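For reference, the structure is listed below as structure tokens.
This one's a predicted model, so the numbers in the text were calculated from it and none came from an experiment. Atoms within each ligand, like the ligands themselves, are counted from 1 in listed order.
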Amino acid sequence: MNIKIDQLSKIYPNGNRALNDVNINIENGMFGLLGPNGAGKSSLMRILVTLMKPSKGQVSVNGYDLVKNRKEIRKMLGYLPQDFRFFSKLKTYEFLDYAARLAGMKSAGERSGAVDKMLEEVGLFEARDRQANKLSGGMKRRLGIAQALINNPQIIVVDEPTTGLDPEERIRFRNLLSTISTNDVIIILSTHIVGDISSTCKNMALLNRGELAYSGSPDDLVEHTKGKVWLLKATESEYMEINEKYPVISNVPTSEGWEIQVVADEINGYYGHNIDPNLEHAYVYFMESKHNQWTNG
Ligand code: ADP
């Protein structure tokens with residue numbers, strides 16, 4: 001599978017520019033789309049799942065144009081939106097059967113087998129007779145992923161994957177997605193949480209205010225941040241100063257004042273040394289440097 005996003009822009013009727021000339025190539029495996037609120041992630045997701053048209057630019061999926069070949073592309077898609085809702089009163093298996101019907105599975109026999117198999121896979125078989133809207137948060141999320149996967153899609157789009165999940169459920173959810181990602185599929189995770197990206201995604205993109213700030217592997221992003229993360233020792237008043245000038249990632253009180261981590265190109269006049277960056281550092285560095293470029297004109 002291959003998705004090619006080419007010079008994509010989205011301007012809403014009220015003039016809001018949600019995406020500005022975005023270029024990304026997505027290959028098989030898990031792909032992370034990271035950015036703060038308002039970055040344009042949901043707008044990009046809605047375009048990718050054919051719910052909205054771009055204002056400019058193109059997206060091609062295995063050579064199919066997203067706008068011209070909407071029907072073909074929809075058959076390849078599974079989508080779990082952030083605010084996924086269930087129809088009231090439907091039992092868990094009824095809901096999934098309904099989703100399967102919507103996804104084009106016409107034969108009741110075929111659906112019944114697929115529904116049971118999927119309920120097993122997401123660990124909801126025991127809950128199959130329970131009312132879907134009365135399941136726990138984590139179970140609802142799993143039912144959400146089940147409906148996105150029921151027709152064996154080749155492109156799976158999950159918006160804010162860990163919303164409402166406790167740590168155990170997050171791991172389970174992540175493992176489920178990584179099992180699927182070994183096939184000829186693309187899984188796109190859109191999130192504002194760095195931890196959703198780190199271990200699972202081969203490639204990622206960073207969006208900020210509609211602009212692509214980075215596209216590549218998480219490891220390369222971290223590599224770009226080498227030499228930019230500093231561990232400083234500071235007195236109380238220095239800490240106040242530093243906090244004004246640089247993004248502070250963490251602070252630990254010590255007997256003399258503070259030990260703080262900051263992300264910056266250089267830290268003129270302060271006492272400190274470089275430490276190895278992680279993805280969180282890299283994210284802050286890229287966001288801040290883009291932000292600075294804009295605010296400096
Ligand atoms: P994210 O998912 O990263 O939070 P969005 O794609 O939701 O970002 O939003 C990107 C920008 O587009 C924001 O400035 C937001 O206010 C704006 N936006 C989103 N949806 C609409 C809409 N339907 N009409 C007008 N502006 C919108």
Checklist entry - If you count only heavy atoms, which residues are under 4.0 Å from ligand 1? => result Y12, N14, N16, A18, P36, N37, G38, A39, G40, K41, S42, S43, R46
Next on the checklist: What I want to find out is whether K117 reaches E120 closely enough, with some N-O distance under 4.0 Å, to be called a salt bridge.
Outcome noted: no
Item to check | salt_bridge(R128, D116) N-O dist < 4.0 Å | outcome: yes
Next on the checklist: Looking at Y64, I want to see if its OH is surrounded by more than 12 non-hydrogen atoms of other residues, nucleotides or ligands under 6.0 Å.
Outcome noted: no
Checklist entry - Do we get K10 above Y12's six-membered ring, with its NZ or CZ under 6.0 Å from the centre and within 45° of the axis? => result yes
Next on the checklist: Check the orientation of Y214 and H224. Use parallel for under 30°, tilted for 30 to 60°, and perpendicular for over 60°.
Outcome noted: perpendicular
Solution key, residues 146-156 side-chain donor-acceptor pairs under 3.5 Å, sequence neighbours excluded:
from	atom 1	to	atom 2	distance (Å)
Q147	NE2	Y79	O	3.1
Q147	NE2	G144	O	2.9

